[in-house]
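Lettering follows sequence order; numbering is per chain, from 1.
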Protein chains: 2
Amino acid sequence: MVGAVPYRTIGRLTLYWRTLRDLASEGQTYVYSHHLASQSRVTAAQVRRDLMVLGYSGTPAKGYNVKKLRMHIEAFLFPATEQKAVIAGVGNIGRALLKFFVGRRPMLKIVASLEVNPDKFDRMILGCPCHSIENAKSVIHDEGITVGIIAVPDREAQYVADVFVGAGIRGILNFARTSLNVPSGVYVEDIDLAMSLDRVAFFARQSLKEDQPASPKSKSPDASKERKP
Amino acid sequence: MVGAVPYRTIGRLTLYWRTLRDLASEGQTYVYSHHLASQSRVTAAQVRRDLMVLGYSGTPAKGYNVKKLRMHIEAFLFPATEQKAVIAGVGNIGRALLKFFVGRRPMLKIVASLEVNPDKFDRMILGCPCHSIENAKSVIHDEGITVGIIAVPDREAQYVADVFVGAGIRGILNFARTSLNVPSGVYVEDIDLAMSLDRVAFFARQSLKEDQPASPKSKSPDASKERKP
DNA sequence: CATTACTTGTGAATTTATTCACAATGCGAA
DNA sequence: TTCGCATTGTGAATAAATTCACAAGTAATG
């Protein structure tokens, strides 16, 4: 169960979990790898490979027990005890995220927000107490927060990251378009909206080009590039 | 210049472009691969490998000409003529995205939004005309829109995707937690906020475990897993 | 001009991720 | 019970992405 969990596997387990949740609510008791696969747009082999990390086996010819598999994924993926998060920045993106995340996971809660703007801090925002960034360290310590979300303007992102790291945060979800400098041991996941949109636009153009090709290079409509592999 | 552009390279080129833009505004005329690398948290070799797709070469001992490299990236990555996008759903996330993207790229514009809610459509929202989703096809056709953003509730996402595809859209940025079913040739990029937060929380816990280990397995503080590789 | 100390571009090696392919298994039908 | 069939788990093969490592090149220096 220890050591070197493939990064992408973690993400896909979330997808499988959602399918299992839905299946359970439909009363299904067993599921095959190929069904989980089709719901997540991966191959059945990929699903089975991913599930290896759980140490739970399905039964041949019957598939996986929906309830048990779901519980194993939860045990692996979700915190055993409540894990707390904080969000820095309650501008447009920050508020949207706050609203989106609130009440989503019982074991993973955003318990505070942080702001530089005195108009915003020292009151509740979307059901969440908003503090001055200057009090970040004590808030994070006192609450035992381990996850930080950065939704501040780009130029403030590194400062916030430093505050987060200094206060003991070990995982950062970063919406700023800045490569954060953090010590090894702190995990950073970037969500770069502008980059994503650029990429979609790029591949959309490519797709159009291939439709009316001056010189059709590809021998067959290759589906392998349509998706993030 | 044709064929098989590595998916991740596209994203990184955006990062390099930002660094080049900043360098240009500082008056720098040349830059080394290792500088671009450090600004994007990749290796210098990675940068040079990525830049190979551009067909532009730097000069040894001098590096890359900031202005020229930037222009080559723009020519490769950005649309030559204005490319248009539409966003479906102007709820919390949708409005935040609209506000975020507006006026960001001169060649890539969100020119319309779509809604099912009659309270919202047929008026301007954040400077952008909002139409009924029922008129989507004509709006998309008439405007020549090629990129669609999905920011609607999960259960409506597939419907919107079908509308998009039917209207000729070739690239979709999907914020719904649904695996969209689209024909090959249409590029989909998913931004799954819940998954990302789960993943950050997971690695944050892992990091904490490794700090106070009952059984320290890893021989050395392995930095290779700190980032999405 | 020759030397030094850097760089770049890229073939090859390596690492990481995915898919293949098949033995082993268990269910259900006869 | 026995057979047939569709499934699982996983070693091995493949594919994709990254890094290594070094020849070749350029600028700066004396």
Exercise for review: Nearest whole angstrom, please: distance from the C1' of D:dG9 to the NZ of A:Lys62.
Suggested key: 18 Å
Exercise for review: Would you tell me if any nitrogen or oxygen in the side chain of A:Thr59 comes within less than 4.0 Å of OP1 or OP2 on C:dG26?
Suggested key: no
Check your understanding: Which comes earlier along DNA chain C counting from the 5' end, the contact point of A:Ala61 or that of A:Asp50, where each point is its nearest nucleotide?
Key -> A:Asp50
N/O donor-acceptor pairs under 3.5 Å from side chains in residues 101-110 of chain A, not counting sequence neighbours:
{"from": "A:Arg104", "atom 1": "NE", "to": "A:Phe100", "atom 2": "O", "distance (Å)": "2.8"}
{"from": "A:Arg104", "atom 1": "NH2", "to": "A:Phe100", "atom 2": "O", "distance (Å)": "3.0"}
{"from": "A:Arg105", "atom 1": "NE", "to": "B:Asp198", "atom 2": "OD1", "distance (Å)": "3.2"}
{"from": "A:Arg105", "atom 1": "NE", "to": "B:Asp198", "atom 2": "OD2", "distance (Å)": "3.4"}
{"from": "A:Arg105", "atom 1": "NH2", "to": "B:Asp198", "atom 2": "OD2", "distance (Å)": "2.7"}
{"from": "A:Lys109", "atom 1": "NZ", "to": "A:Glu82", "atom 2": "OE1", "distance (Å)": "3.3"}

Review point. Atom CZ of A:Arg48 and atom P of C:dA21: how far apart are they, to the nearest Å?
Key: 13 Å
Study note, to complete from the structure: Value for CZ (A:Arg49) from OG1 (A:Thr43), rounded to nearest 0.5 Å, stands at 10.0 Å
Check your understanding: Quick check, are the ring centers of A:Phe202 and B:Phe76 under 6.0 angstrom apart?
Key -> yes
Exercise for review: Grab the CE-P distance between B:Met52 and D:dA17 for me, whole Å please.
Suggested key: 15 Å
Practice item. Look at the rings of A:Trp17 and A:Phe78 and say which category their plane angle falls in: under 30° parallel, 30 to 60° tilted, over 60° perpendicular. Key: perpendicular
Study note, to complete from the structure: Side-chain atoms of A:Tyr32 come closest, of D:dT8, D:dA27, C:dC27, to D:dT8
Check your understanding: Of the candidate nucleotides C:dT7, D:dA17, D:dT7, which contains the atom at the shortest distance from the side chain of B:His34?
Key -> C:dT7
Check your understanding: Given C:dT8, is OP1 or OP2 found less than 4.0 Å from the side-chain N or O atoms of B:Ser33?
Key -> yes
Review point. If you take atom types as modelled and just measure distance, does the side chain of A:Arg49 reach the base of C:dT19 with a donor-acceptor pair under 3.5 Å?
Key: yes
Point to revise | Rounded distance in Å - OH (B:Tyr56) to C1' (C:dG9) | key: 14 Å
Check your understanding: Is any side-chain nitrogen or oxygen of A:Arg12 closer than 4.0 Å to OP1 or OP2 of C:dT18?
Key -> yes
Practice item. For A:Leu51 and C:dT18, give me the distance from atom CG to atom P, rounded to whole Å. Key: 14 Å
Review point. What's the CD1-P distance between A:Ile10 and C:dT16, to the nearest Å?
Key: 15 Å
Point to revise | Between D:dA6 (C1') and A:Tyr64 (OH): distance, integer Å | key: 13 Å
Check your understanding: Can you find a side chain N or O atom of B:Thr43 that sits less than 4.0 Å from OP1 or OP2 on D:dT18?
Key -> no
Exercise for review: May I have the distance from A:Gln46 (atom CD) to D:dG9 (atom C1'), rounded to whole angstrom?
Suggested key: 14 Å
Review point. Can you find a side-chain donor-acceptor pair between B:Gln28 and B:Tyr30 that sits under 3.5 Å?
Key: no
